Amino acid sequence: MNLGLDGKVALVAAASRGLGRAIATELAAEGATISMCARDAAALERARHDIESKTGRPVLAVTADVSRSDDVVRFVDETLARFGRVDVLVTNAGGPPAGLFEAHDAAAWDNAFRLTLASAVELARRVLPGMKERRWGRIINVTSIAVKQPVDYLILSNSLRAAVTGFARTLATEVAPFGITVNNVLPGYTRTERMEALAAARNKGEGISREAAFADWEKQIPARRLGEPDELAALTAFLASERAAYITAQSVAVDGGWIRALY
Ligand code: NAD
């Protein structure tokens with residue numbers, strides 16, 4: 001299937017490792033030009049070099065923290081200066097910390113708001129004018145299975161990702177007349193460093209070992225295994241494509257059947 005991504009410019013946030021990196025790699029493999037960011041310059045440069053040499057597509061790496069609006073502005077401005085436009089926006093960030101309600105003070109809620117919701121809003125704010133002008137755009141937010149079935153110990157993530165979903169659903173209606181789609185991809189338990197961090201949090205909170213935490217997750221998943229980052233990336237590339245022009249306002253999970261819901 002030709003996804004029609006050849007020469008499109010894709011901006012992928014938080015892409016030095018894990019899901020963001022897999023998405024940037026998949027989009028580049030489909031012919032897109034990539035601009036990506038993360039906070040750690042050295043890790044980001046390694047990822048940039050790896051994607052560029054694997055795919056032969058130009059990749060711009062901008063050191064930026066998406067929870068800071070000035071960094072978001074710089075990330076988008078540097079992308080526009082180098083490539084002239086953004087056709088595909090993938091919003092992503094690190095996950096907010098795990099923990100029960102009483103573990104998080106007001107500052108933790110504030111940080112989670114900036115990391116998860118404000119980052120997606122600010123990135124969209126910056127790229128939308130150009131997409132509207134060209135009457136073509138794809139916005140894809142990396143959220144979580146938590147938006148359909150909240151995950152224990154992740155009260156910050158469960159709350160803020162629901163807000164991103166409300167934002168995306170509303171924006172999708174506003175921008176659909178301009179040929180712009182807005183969708184969310186919902187990773188289930190996927191093999192990245194985030195899962196190591198969550199296993200460590202469970203070790204601290206529940207006293208269970210890393211192996212027991214992974215075995216427990218696998219037991220909950222009908223497919224009986226964790227997902228791989230490139231499985232989420234494949235869906236993201238399709239939603240970014242020309243072929244997905246009539247798919248908007250959707251939240252699509254890649255979770256091995258974990259969500260127990262009808263839709
Ligand atoms: P990860 O921790 O493996 O990677 C996160 C990436 O984001 C890294 O490149 C990191 O450098 C970057 N990053 C973190 N905070 C940033 C910031 N403030 N600004 C810029 N870059 C930043 O995580 P992942 O597994 O790839 O997950 C990506 C997102 O998907 C997270 O929000 C996570 O909570 C969510 N998610 C992951 C899973 C999973 O099973 N892996 C499941 C559901 C949801």
Side-chain angles (χ1 to χ4, degrees), residues 11-26 35-48 50-51 61-72 74-76 90-99 111-120 122-123 140-165 184-202 213-214 217-218 220-221 223 225-233 235-236 251-256 258-259:
L11 186 145
V12 184
S16 65
R17 60 168 200 256
L19 301 174
R21 179 173 176 160
I23 291 167
T25 306
E26 185 78 40
S35 174
M36 61 189 213
C37 83
R39 292 163 306 175
D40 176 345
L44 183 64
E45 174 51 27
R46 282 194 298 276
R48 188 201 67 74
D50 182 57
I51 297 173
V62 179
T63 308
D65 178 341
V66 292
S67 67
R68 297 175 51 106
S69 62
D70 49 345
D71 276 19
V72 168
R74 189 170 44 77
F75 177 30
V76 176
V90 179
T91 77
N92 182 39
N111 289 339
F113 161 78
R114 282 201 303 277
L115 182 68
T116 307
L117 177 61
S119 63
E122 289 309 310
L123 282 162
I140 299 152
N141 305 300
V142 176
T143 63
S144 171
I145 44 174
V147 305
K148 297 208 177 182
Q149 184 178 327
V151 181
D152 292 350
Y153 303 106
L154 289 180
I155 194 163
L156 294 173
S157 174
N158 294 340
S159 306
L160 273 307
R161 293 189 200 285
V164 174
T165 309
N184 309 304
V185 292
L186 282 45
Y189 294 119
T190 310
R191 204 169 288 286
T192 69
E193 284 180 40
R194 168 75 169 164
M195 294 310 296
E196 296 295 339
L198 293 182
R202 289 189 70 176
F214 276 87
W217 288 320
E218 283 165 6
Q220 295 174 34
I221 303 166
R225 66 170 177 88
L226 268 67
E228 296 299 330
D230 61 359
E231 294 178 304
L232 185 86
L235 169 68
T236 309
S251 286
V252 186
V254 179
D255 69 350
W258 184 85
I259 295 170

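All values derive from a computational prediction rather than experimental measurement. In listed order, ligands and their atoms are each counted from 1.
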Numbered atoms and elements of ligand 1 in range of [X], under 4.0 angstrom, heavy atoms:
X	value
Ala64	19 (N), 20 (C)
Val142	30 (O)
Ala38	11 (O), 20 (C), 21 (N)
Tyr189	40 (O)
Gly94	7 (O), 13 (N), 14 (C), 15 (N), 16 (C), 31 (C), 32 (O)

Looking only at protein heavy atoms, which one is nearest to [atom], and what is the separation?
atom	answer
atom 24 (P) of ligand 1	Thr192 OG1, 3.6 Å
atom 18 (N) of ligand 1	Asp65 OD1, 2.8 Å
atom 8 (C) of ligand 1	Arg17 CG, 3.5 Å
atom 10 (C) of ligand 1	Ser16 OG, 4.0 Å
atom 16 (C) of ligand 1	Arg39 NE, 3.4 Å
atom 43 (C) of ligand 1	Pro187 O, 3.3 Å

Please confirm whether [X] comes within less than 3.5 Å of ligand 1 when only nitrogen or oxygen atoms on both sides are compared.
X	result
Val66	yes
Leu115	no
Ala93	yes

Pick from [options]: the one approaching [atom] most closely through a non-hydrogen atom:
atom	options	answer
atom 35 (C) of ligand 1	Arg194, Met195, Arg161	Arg161
atom 37 (C) of ligand 1	Thr116, Leu19, Thr190	Leu19
atom 42 (C) of ligand 1	Ala13, Gly188, Ser144	Gly188
atom 12 (C) of ligand 1	Ala14, Cys37, Ser67, Ala47	Ala14

Are the charged groups of [X] and [Y] less than 4.0 angstrom apart, N to O?
X	Y	value
Asp50	Arg21	yes
Glu193	Arg17	yes
Arg74	Glu122	no

- Task: Check the pair Leu44, Thr63 against side chain to side chain contact (heavy atoms under 4.5 Å, CB included), reporting the backbone distance first and the verdict last.
- Result: CA-CA 7 Å; Leu44 183 64; Thr63 308; 4.3 Å; yes
- Item | Residue portion contacting ligand 1 (non-hydrogen atoms closer than 4.0 Å) for Asn92 | side chain
Less than 4.5 Å apart, any side-chain heavy atom of [X] and any of [Y]?
X	Y	result
Leu123	Val76	yes
Phe113	Leu156	no
Thr165	Asn184	yes
Lys148	Trp258	no

- Query: Does the side chain of Asp65 come under 3.5 Å of the side chain of Ser67 through a donor N or O and an acceptor N or O?
  - Reply: yes
- Query: Would you say the side-chain atoms of Asn141 and Thr91 include a donor-acceptor pair closer than 3.5 Å?
  - Reply: yes
- Hey, is Thr143 one of the residues with a heavy atom under 4.0 angstrom from ligand 1? yes
- Report the C-alpha separation of Tyr189 and Glu218 in whole Å, then their side-chain angles, then the decisive distance to 0.1 Å, and conclude whether the side chain to side chain contact (heavy atoms under 4.5 Å, CB included) test is met. CA-CA 9 Å; Tyr189 294 119; Glu218 283 165 6; over 6 Å; no
- Task: I would like to know whether Thr143 and Val185 meet side chain to side chain contact (heavy atoms under 4.5 Å, CB included); could you show each step before the answer?
- Result: CA-CA 6 Å; Thr143 63; Val185 292; over 6 Å; no
